[in-house]
Amino acid sequence: AYAEKKSKKPGPIAKSSVILDVKPWDDETDLGEMEKLVRSIEKDGLVWGGGKLIPLAYGIKKLQIICVIEDDKVSVDDLIEGITEGFADHVQSVDIVAFNKI
């Protein structure tokens with residue numbers, strides 16, 4: 001009976017911690033608005049974490065933001081595509097800084 005009950009129990013959910021660099025077009029891009037737009041993406045299995053602004057060059061800053069995703073529900077490629085294409089007025093590019101399995 002114990003083995004039967006244990007076999008029905010779902011296994012651990014595969015999750016990943018991802019740190020993204022979101023780069024604006026220029027120094028006139030509203031980074032606060034850009035962060036709000038990025039955080040407005042909501043998907044089942046996606047949780048946004050902390051974000052900070054990091055200086056690049058010539059007064060331009062990039063947004064570095066952390067998210068945790070469930071591997072089966074959220075694709076990082078789809079997430080990056082959603083950010084770059086959905087907010088093309090604000091976002092020039094998105095890079096993965098770190099990708100760690102939890």
Met34 backbone acceptor or donor facing Arg39 side chain under 3.5 Å: no

Donor-acceptor contact present, side-chain Trp48 to main-chain Ile41, <3.5 Å: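 It does hold such a pair.
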
State, yes or no, whether a side-chain contact exists between [X] and [Y] at a heavy-atom distance under 4.5 Å.
X: Asp27; Y: Tyr58; value: no
X: Glu85; Y: Phe87; value: no
X: Lys43; Y: Asp78; value: yes
X: Leu63; Y: Leu31; value: no
X: Val68; Y: Leu46; value: no
X: Ile80; Y: Asp95; value: no
X: Val76; Y: Ile96; value: yes
X: Ile60; Y: Pro24; value: yes

To the nearest 0.5 Å, tell me how far [X] [atom1] sits from [Y] [atom2].
X: Thr29; Y: Lys23; atom1: OG1; atom2: NZ; value: 14.0 Å
X: Ser16; Y: Ile69; atom1: OG; atom2: CD1; value: 5.0 Å
X: Leu53; Y: Glu35; atom1: CG; atom2: CD; value: 6.5 Å

Electrostatic pair Asp71:Lys15 at N-O distance under 4.0 angstrom: no

Shortest non-hydrogen contact between Cys67 and Leu79, atoms and distance: SG-CD2, 4.0 Å

Heavy-atom pair of closest approach, residues Val74 and Asp44: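 That closest heavy-atom pairing would be CG2-O, 3.4 Å.
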
side-chain contact (heavy atoms from CB on, under 4.5 Å) assessment of Leu20 paired with Val97: CA-CA 6 Å; Leu20 300 173; Val97 177; over 6 Å; no

Steps toward side-chain contact (heavy atoms from CB on, under 4.5 Å) verdict (Gln64, Ile19): CA-CA 7 Å; Gln64 192 170 77; Ile19 301 175; 3.5 Å; yes

Heavy atoms from other residues, nucleotides or ligands near NZ of Lys61 exceed 12 (cutoff 6.0 Å):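 Open.
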
